[in-house]
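The block underneath contains the structure these notes are about, expressed in structure tokens.
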Number of protein chains: 2
Amino acid sequence: MQTFALFFYIFVDIFDLINRMTKKQATIQDIAKALNISISTVSRAMSDHPKIKKSTKDQIWDMAKKLNYQPNTIAASLRKGKANTVGMIVPRVNRHFFSNVITGVESVLNPAGYNLIICQSEESIEKEKININTLIASRVSGILISLSLETTKYDHIKRAIKMGIPVVLYDRVCDELDVCKVENDDFSGSYDLTRHLIEQGYRKMMWIGGSRKFNTYTNRYQGYRKALSEIGLEADNMPIFEGSISLETSYDYFKTFIENEQLPEVIFSASDYMAMGAILALQEKGLRIPDDIAISGYSNEPFAALINPKLTSVEQFSKEMGQETARLLLAQIQSGNPNNVSTKTMIRPRLIVRDSTQNKNPDPTPPTND
Amino acid sequence: MQTFALFFYIFVDIFDLINRMTKKQATIQDIAKALNISISTVSRAMSDHPKIKKSTKDQIWDMAKKLNYQPNTIAASLRKGKANTVGMIVPRVNRHFFSNVITGVESVLNPAGYNLIICQSEESIEKEKININTLIASRVSGILISLSLETTKYDHIKRAIKMGIPVVLYDRVCDELDVCKVENDDFSGSYDLTRHLIEQGYRKMMWIGGSRKFNTYTNRYQGYRKALSEIGLEADNMPIFEGSISLETSYDYFKTFIENEQLPEVIFSASDYMAMGAILALQEKGLRIPDDIAISGYSNEPFAALINPKLTSVEQFSKEMGQETARLLLAQIQSGNPNNVSTKTMIRPRLIVRDSTQNKNPDPTPPTND
DNA sequence: AATAAGAATGCAAACGTTTGCATTATTTTT
DNA sequence: AAAAATAATGCAAACGTTTGCATTCTTATT
């Protein structure tokens, strides 16, 4: 008797186990069989095909619900030759700017029925190549990519393009690829900011930022240079510090800079983080900002509005950039003729003036613009 | 002659167009045909099957390279019944904490050959349901999910579990689901922080944070309460402010609080952003931190180390949480018997003491621990 | 009532892999 | 040199859809 009971329980357990492991999800075939109709009809009903009778559709939909049917997009993708999936390569997701671009991309792609595979290149061209291969293997409908800092050759991307996969570059672009590009208008942002500094009466400036071999920093530098040249100043003759874009780099730099060099009236930092490093170093030496020395940043990181003094910066419309990028890609996917256009979209940033560049005793005779 | 030339160009163009639109990617069938061998052999060679002769493999690999072959993972997934893809639902990607969890997840999943589909619930249960359906439709191998703030019913998640899809909850978990969970040890973090405040000599405390109907904030409150009760103080009798977790909410609150109420010695804020709001409000009224009033935060947002005074906070190991979550999922996927275990992993956070809680004249007789 | 026209449904191939089993080629053993 | 053992390859079905074309069922027209 006891043995019997034991056997019974084991039996149930094994049965449950088998059930779990072999549980097949319902398919349109199951629905078809249950209603004794053809697979095609079920398939058409699922996509609300106009030629299927309303009453048939209702039956099918009911049965689908009853069987807990979930369409198998993999099978559909295979049959259709492409997935409703877009690949996005991003240097790092845990950067304020990029995670907002992602949000923007999703806000356009999801309503259009696409999902997003996100890959991180981690600023390495090798990982970027692997990412591209993964995305090709997944037969994505398109690829969005912001180049890693290491990337100077583009064969891997060209391969995707040649295969007919629509590609859109965003933020970190390059001239060599003939595709749609969405960029921040760094030149304008930087120009506007420099104009503001000039209007505040500052003349002795200093540039700090990332290496100007990267587009971003060249463009920012050029905007700065242009604004200065308009009032007869030569940026190239003023102090310049180029370094890795981190708080520490700049902090260390200014720790010794203060000792040895004469300070400018204002520091134009092409990065909020570098600005922050400078501020910490300067404040440690007892300098008051902006009274003793002014400073501006770039990117409007969340902390810019929170530190003391509040940091003047340039807001980049990252979410909007993502939306525009996604829209361009969708247009190409839907055109059916990918990569036959190459556009260049500029997202214009916005100057945000805060306390760190408020001159207490501005130049009484501001310069004219021409 | 001219007509001829024109015709020629049009011909080329159309040919190019057709070529672009019908360009088929190479398949293992193409390789098989080119080498006059069977498809199975090619398939096996591609996955380095031991039974295939080295020389055959080399031939196949060469031809694959020549034909620019990229495996079609969709077809493979269909055949194998599952994709090498993991779905991750996250309330918002553009939150410092979550984007770091993503980084952690990827760092484990990618080397294991999985890619990640990231979906945002945007704190909405409706979007969460849609996300789950999308992921099921994509036949993901597993799902990682942090619940939206709205989520109090779990049928959509139970459905995925019933279908045999391994599920791991991270950060925002719930008791009702019997799966693996990875949580921050908010109780301990909060307890440790409160102990630190006590050791600094503070006694009159105030709690601010998000609604305690959410796990996170209950746990943090309980840690705070426990530490206080150990020295004979009753947290429930001290001031408490519960509100939405934003800088503005807290800023507005303290603007009027200062006018009407007596200030505590220290504010225990269960959120860095709320702490920041309080700091701005207090400093505007000319109060010095920590001299006039101390304050602590939670989460160690990037700005915590950058503001003045530097904010004491609790660091959460978000990347590590992601890694642990991914590891648990992989283990389940590989076990082949999903959701048959339900574990609970606690990630212990770390107290980071900074200037905002340094008591200048601490209690000369610190309390004992028992 | 027969026919035409249109609406609704069904058939069957295709998408590119993987894999159990069968077959053939090669080597070893007797 | 034949048989046995092993290594290497091939066959064919399956995965769950989609879709052009063929067929059947309705309704309208004569």
Side-chain angles (χ1 to χ4, degrees), chain A residues 22-61 63-64 67-85 113 136-141 163-164, chain B residues 22-61 63-64 67-85 113 136-141 163-164:
Chain A
T22 63
K23 179 170 305 153
K24 289 278 157 260
Q25 305 195 2
T27 68
I28 53 173
Q29 320 205 31
D30 299 327
I31 300 177
K33 211 168 292 168
L35 295 173
N36 202 33
I37 54 178
S38 79
I39 296 176
S40 343
T41 304
V42 179
S43 171
R44 292 194 175 100
M46 294 316 292
S47 46
D48 208 2
H49 193 287
K51 284 232 176 153
I52 306 293
K53 226 191 312 178
K54 180 69 169 45
S55 61
T56 318
K57 280 182 189 170
D58 286 340
Q59 273 188 68
I60 293 175
W61 290 339
M63 183 55 72
L67 296 182
N68 197 13
Y69 170 74
Q70 280 296 132
N72 185 327
T73 49
I74 295 180
S77 298
L78 176 60
R79 169 60 229 236
K80 293 200 280 195
K82 60 170 197 152
N84 265 11
T85 302
I136 292 177
S138 302
R139 296 299 188 268
V140 290
S141 303
M163 285 180 156
Chain B
T22 63
K23 180 171 304 155
K24 289 277 158 260
Q25 304 194 3
T27 69
I28 52 172
Q29 320 205 33
D30 299 327
I31 299 177
K33 211 168 293 169
L35 295 173
N36 201 33
I37 53 178
S38 79
I39 297 176
S40 345
T41 304
V42 178
S43 172
R44 291 192 175 100
M46 294 316 293
S47 47
D48 210 1
H49 192 288
K51 283 233 175 152
I52 306 295
K53 226 191 312 178
K54 179 70 170 47
S55 61
T56 318
K57 280 181 187 169
D58 285 340
Q59 272 188 68
I60 292 175
W61 291 337
M63 183 56 72
L67 296 181
N68 198 15
Y69 169 74
Q70 278 297 131
N72 185 328
T73 50
I74 295 181
S77 298
L78 176 60
R79 170 60 230 238
K80 293 199 280 196
K82 61 170 197 148
N84 265 13
T85 302
I136 293 176
S138 301
R139 297 297 187 269
V140 291
S141 303
M163 286 182 157

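These values consider heavy atoms only, across backbone and side chains, with no hydrogens, waters or symmetry-generated copies. So that the names make sense, note that chain A is the first sequence line, chain B the second, and so on, each numbered from 1.
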Point to revise | Bend angle of the helix from C:dA1-D:dT30 to C:dT30-D:dA1, end axes from five pairs each (to 10°) | key: 50°
Review point. Excluding sequence neighbours, so at least two apart, what forms side-chain hydrogen bond (donor to acceptor under 3.5 Å, both in side chains) with B:Gln59?
Key: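 For B:Gln59, no residue satisfies side-chain hydrogen bond (donor to acceptor under 3.5 Å, both in side chains) once neighbours in sequence are set aside.
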Let me know the distance between [atom1] of [X] and [atom2] of [N], rounded to the nearest Å.
| X | N | atom1 | atom2 | answer |
| --- | --- | --- | --- | --- |
| A:Ile136 | C:dG16 | CD1 | P | 16 Å |
| B:Gln25 | C:dT17 | CD | C1' | 14 Å |
| B:Gln29 | C:dA14 | CD | P | 11 Å |
| B:Ile31 | D:dG10 | CD1 | P | 14 Å |

Study note, to complete from the structure: Contacts of A:Lys51 meeting salt bridge (Lys or Arg N to Asp or Glu O under 4.0 Å) (sequence neighbours excluded), chain-then-number -> none
Review point. At what distance, to the nearest 0.5 angstrom, does CD1 of B:Ile136 lie from OG1 of A:Thr73?
Key: 11.0 Å
Point to revise | Interatomic distance, A:Arg44 atom CZ to A:Ile60 atom CD1 [nearest 0.5 angstrom] | key: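 Result: 11.0 Å between the selected atoms.
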**Study point:** Close residues, residues 46-54 of chain A, relative to DNA chain D [heavy-atom separation under 4.0 Å]
**Key:**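 Output list: empty, so none.
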Point to revise | Any residue of residues 67-83 of chain B with a heavy atom less than 4.0 Å from an atom of DNA chain D | key: B:Leu78, B:Arg79
**Study point:** N/O (side chain, A:Thr56) to phosphate O (OP1/OP2, C:dT9) under 4.0 Å
**Key:** yes
Please list, one pair per line, the donor and acceptor atoms closer than 3.5 Å that link side chains of residues 31-40 of chain B to other protein atoms, with sequence neighbours excluded.
from, atom 1, to, atom 2, distance (Å)
B:Ser38, OG, B:Thr41, N, 3.3
B:Ser38, OG, B:Thr41, OG1, 3.0

Not counting sequence neighbours, which residues clear side chain to side chain contact (heavy atoms under 4.5 Å, CB included) with [X]? List them please.
| X | answer |
| --- | --- |
| A:Ser43 | A:Ile28 |
| B:Lys57 | B:Ala45, B:Asp48, B:Ile52, B:Trp61 |
| A:Thr85 | A:Ala83, A:Asn115, A:Ile117, A:Val140 |

Review point. Can a donor-acceptor pair under 3.5 Å be found between the side-chain atoms of A:Arg44 and the base atoms of C:dG10?
Key: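 For A:Arg44, whose side chain was compared with the base of C:dG10, there is a donor-acceptor pair (under 3.5 Å).
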Exercise for review: Output every pair passing salt bridge (charged side-chain N to carboxylate O under 4.0 Å, His left out) with a member in residues 67-83 of chain A, not counting sequence neighbours, ordered by first then second residue.
Suggested key: none
Practice item. Please report the shortest heavy-atom distance between B:Gly113 and B:Asn84, naming the atom on each side. Key: O-ND2, 3.5 Å
**Study point:** Trace of the side chain to side chain contact (heavy atoms under 4.5 Å, CB included) decision for B:Asn72 with B:Gln25
**Key:** CA-CA 9 Å; B:Asn72 185 328; B:Gln25 304 194 3; over 6 Å; no
Exercise for review: Taking only heavy atoms on the protein side, list every residue of residues 34-43 of chain A lying under 4.0 Å from any atom of DNA chain C, sorted numerically.
Suggested key: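 Result for residues 34-43 of chain A: A:Ile37, A:Ser38, A:Ser40, A:Thr41, sorted by number.
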